[in-house]
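Comments concern the structure below.
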Amino acid sequence: MPRSSRSARTTGTTGTARTVRAARRRLPALAALTAAAALTAGLATPAHAAEPAPVAPVAEGRPGFHPEQDFAGSTVAAREGRTAAVPFASLAATQTPGLDVSGYQGNVNWSSVSANGGRFAYVKATEGTGYTNPYFAQQYNGSYNSGLVRGAYHFALPNSSSGATQANYFVSHGGGWSADGKTLPPALDIEYNPYGATCYGLSQSAMVSWIRDFSNTVHARTGRYPTIYTTTNWWTQCTGNNAGFGATNPLWIARYASSVGTLPNGWGYQTFWQFADAGTFPGDQNYFNGAADRLRALALG
């Protein structure tokens with residue numbers, strides 16, 4: 001056989017072997033890429049659904065900041081679900097119906113709310129230190145003028161600034177109180193983080209300190225301790241089920257079910273219960289745990 005022919009065959013065989021070895025080396029990488037593509041396309045799912053990865057605080061007023069989508073309960077149904085409408089479990093006290101609203105609802109027809117039995121309203125005033133509800137005046141004053149007992153609430157961003165800083169911003173932008181019998185204690189909305197990690201990157205002790213800082217500052221500014229809006233699950237996870245606020249702060253519990261269920265540690269009863277995120281009134285549906293005269297007594301302080 002001519003030298004040139006043997007040389008060509010040897011070269012071809014060697015080249016084929018090298019190609020096979022290279023292909024084998026590429027198989028793990030190709031498998032990894034295929035798995036990643038399947039996950040991206042929704043063809044495979046992780047064994048456990050993890051909470052959102054911790055992220056840096058979204059800068060207020062910058063892209064990604066969506067305060068119009070944040071309101072009391074905006075994260076609750078997605079995290080804790082809701083049960084089918086069934087008759088409410090027996091409650092010890094007469095329940096007085098009310099609602100809570102935010103900029104999401106826009107202008108509210110308060111005369112219709114009153115005609116349908118609404119007796120109180122909590123209105124979102126602020127979020128962090130970079131947002132005020134553009135419909136706050138219409139909602140806060142309109143509910144008052146229609147005979148409802150009204151109050152303001154603040155959506156907390158504990159990883160953005162201190163409790164005292166946000167409390168001062170809140171009180172200075174609608175979160176005040178007056179002893180007129182028609183103004184509820186200011187309220188703190190502390191719930192799942194809509195921008196990332198559930199507890200805003202704070203330890204349980206740091207979260208308790210933040211809430212206490214907010215609460216004490218509101219009390220110093222208004223003479224009232226704020227109502228605390230939360231869920232038992234969030235409170236347990238993010239404060240260690242701290243019992244230190246029940247003696248001073250009214251509880252506004254969120255649970256979309258036929259009963260309030262287990263309450264956070266330190267509270268023997270709820271003052272308000274947000275039981276649904278849609279219903280008769282605009283916004284969320286609530287009960288005050290008592291008759292209308294007790295609601296006015298709470299407003300008077």
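- Across every non-hydrogen atom of I190 and P158, the tightest pair is CD1-CG, 3.6 Å.
- In this structure, the side chain of T232 engages the main chain of T262 through a donor-acceptor pair within 3.5 Å.
- Looking at Y269 and V260, their side chains never come closer than 4.5 Å, going by heavy atoms from C-beta outward.
- Judged by distance alone, the side chain of R150 and the main-chain N or O of Y140 form a donor-acceptor pair under 3.5 Å.
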Q | side-chain contact (heavy atoms from CB on, under 4.5 Å) between C238 and Q204, intermediate numbers included | A | CA-CA 5 Å; C238 296; Q204 291 175 341; 5.8 Å; no
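- Residue pairs satisfying the side chain to side chain donor-acceptor pair (under 3.5 Å) criterion with at least one member in residues 221-230, sequence neighbours excluded, are listed as follows: Y122-T227, N168-R221, S172-R221, Y229-Q274.
- Of the possible donor and acceptor atoms, one in the side chain of N265 sits under 3.5 Å from a partner among the backbone N and O of N241.
- Looking at every heavy atom in both residues, P226 comes nearest to N249 through O-ND2, 2.8 Å.
- At distances below 3.5 Å, at least one donor-acceptor pair connects side-chain atoms of Q95 with backbone N or O atoms of A93.
- A donor-acceptor contact shorter than 3.5 Å links the side chain of Q105 to the backbone of S102.
- The CG atom of N289 sits 11.5 Å away from the CG atom of L295 when rounded to the nearest 0.5 Å.
- In this model, no donor atom of one side chain and acceptor atom of the other lie less than 3.5 Å apart for N233 and T231.
- Remark: the Y192 side chain and the E80 side chain contain an N/O donor-acceptor pair separated by less than 3.5 Å.
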Q. Under the side-chain contact (heavy atoms from CB on, under 4.5 Å) criterion, do V101 and V123 qualify, and how do the steps go?
A. CA-CA 5 Å; V101 294; V123 178; 4.0 Å; yes
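- Residues P97 and F281 approach most closely at CB-CE1, 4.1 Å, considering heavy atoms.
- A ring-centre distance under 6.0 Å is found for F120 and F272.
- Just one residue in the list D277, D100, T280 forms a side chain to side chain contact (heavy atoms under 4.5 Å, CB included) with Q285, and that residue is T280.
- A donor-acceptor pair under 3.5 Å is formed between the side chain of S146 and the backbone N or O of G142.
- Y169 and I211 fall into different hydrophobic clusters, where Ile, Leu, Val, Met, Phe, Trp and Tyr side chains are chained together by heavy-atom contacts under 4.5 Å.
- At least one side-chain heavy atom of D189 sits under 4.5 Å from a side-chain heavy atom of E191.
- No continuous path of ILVMFWY side-chain contacts below 4.5 Å connects L184 to V108, so the two sit in separate hydrophobic clusters.
- Summarising the geometry of A125 relative to A152, their closest heavy-atom pair is CB-CB, 4.1 Å, with the distance given to 0.1 Å.
- Here the OG1-CZ distance, from T248 to R212, works out to 8.5 Å after rounding to the nearest 0.5 Å.
- Using a 4.5 Å heavy-atom threshold, the side chains of L157 and Y200 count as touching.
- Although no hydrogens or angles enter the test, the distance criterion places no donor-acceptor pair under 3.5 Å between the side chain of W273 and the main chain of S259.
- For the residue pair Q166/S161, the side-chain donor-acceptor check at 3.5 Å is satisfied.
- The backbone N or O of N145 lies less than 3.5 Å from no partner atom in the side chain of W110, so there is not a single donor-acceptor pair.
- Across all non-hydrogen atoms, the minimal contact from T183 to G176 is CG2-O, 4.3 Å.
- Under the 30°/60° scheme for interplanar angles, the aromatic rings of F245 and W267 are found to lie parallel.
- Under a cutoff of 6.0 Å and an axis angle of 45°, K124 and F155 form a cation-pi pair.
- Rounding to the nearest 0.5 Å gives a distance of 12.0 Å between CZ of F275 and OG of S258.
- For the atom pair CD1 (I228) and OG (S215), the distance works out to 6.0 Å, reported to the nearest 0.5 Å.
- By the 4.5 Å heavy-atom criterion applied to side chains, L202 and W210 are counted as neighbours.
- In this structure, Y135 is not a member of the same hydrophobic cluster as Y153, with clusters built from ILVMFWY side-chain heavy atoms closer than 4.5 Å.
- Taking CZ of R296 as the reference point, atom OG1 of T96 lies at 9.0 Å (rounded to 0.5 Å).
- In this structure, a donor-acceptor pair under 3.5 Å is absent between the side chains of H154 and E127.
- A 4.5 Å side-chain heavy-atom check between D180 and Y144 finds at least one atom pair inside the cut-off.
- Cluster membership check: V171 shares its hydrophobic cluster with Y131, using side-chain heavy-atom separations under 4.5 Å among Ile, Leu, Val, Met, Phe, Trp and Tyr.
- Grouping the Ile, Leu, Val, Met, Phe, Trp and Tyr side chains by contacts below 4.5 angstrom, directly or via other members, places W234 with L188.
- Taking the side chain as every heavy atom from C-beta outward, P282 and V113 approach each other to under 4.5 Å.
- Residues H173 and N133 form no side-chain contact, since every pair of their non-hydrogen atoms from C-beta on lies 4.5 Å or further apart.
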Q: Just do the side-chain contact (heavy atoms from CB on, under 4.5 Å) check on R119 and L148 with the steps written out, would you?
A: CA-CA 5 Å; R119 294 295 175 259; L148 279 70; 5.7 Å; no
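- Residues L298 and P185 have side chains in contact (heavy-atom distance under 4.5 Å, counting atoms from C-beta outward).
- A197 approaches G201 most closely through the heavy-atom pair CB-N, 4.4 Å.
- Note: I253 CD1 to W235 CH2 = 10.0 Å, rounded to the nearest 0.5 Å.
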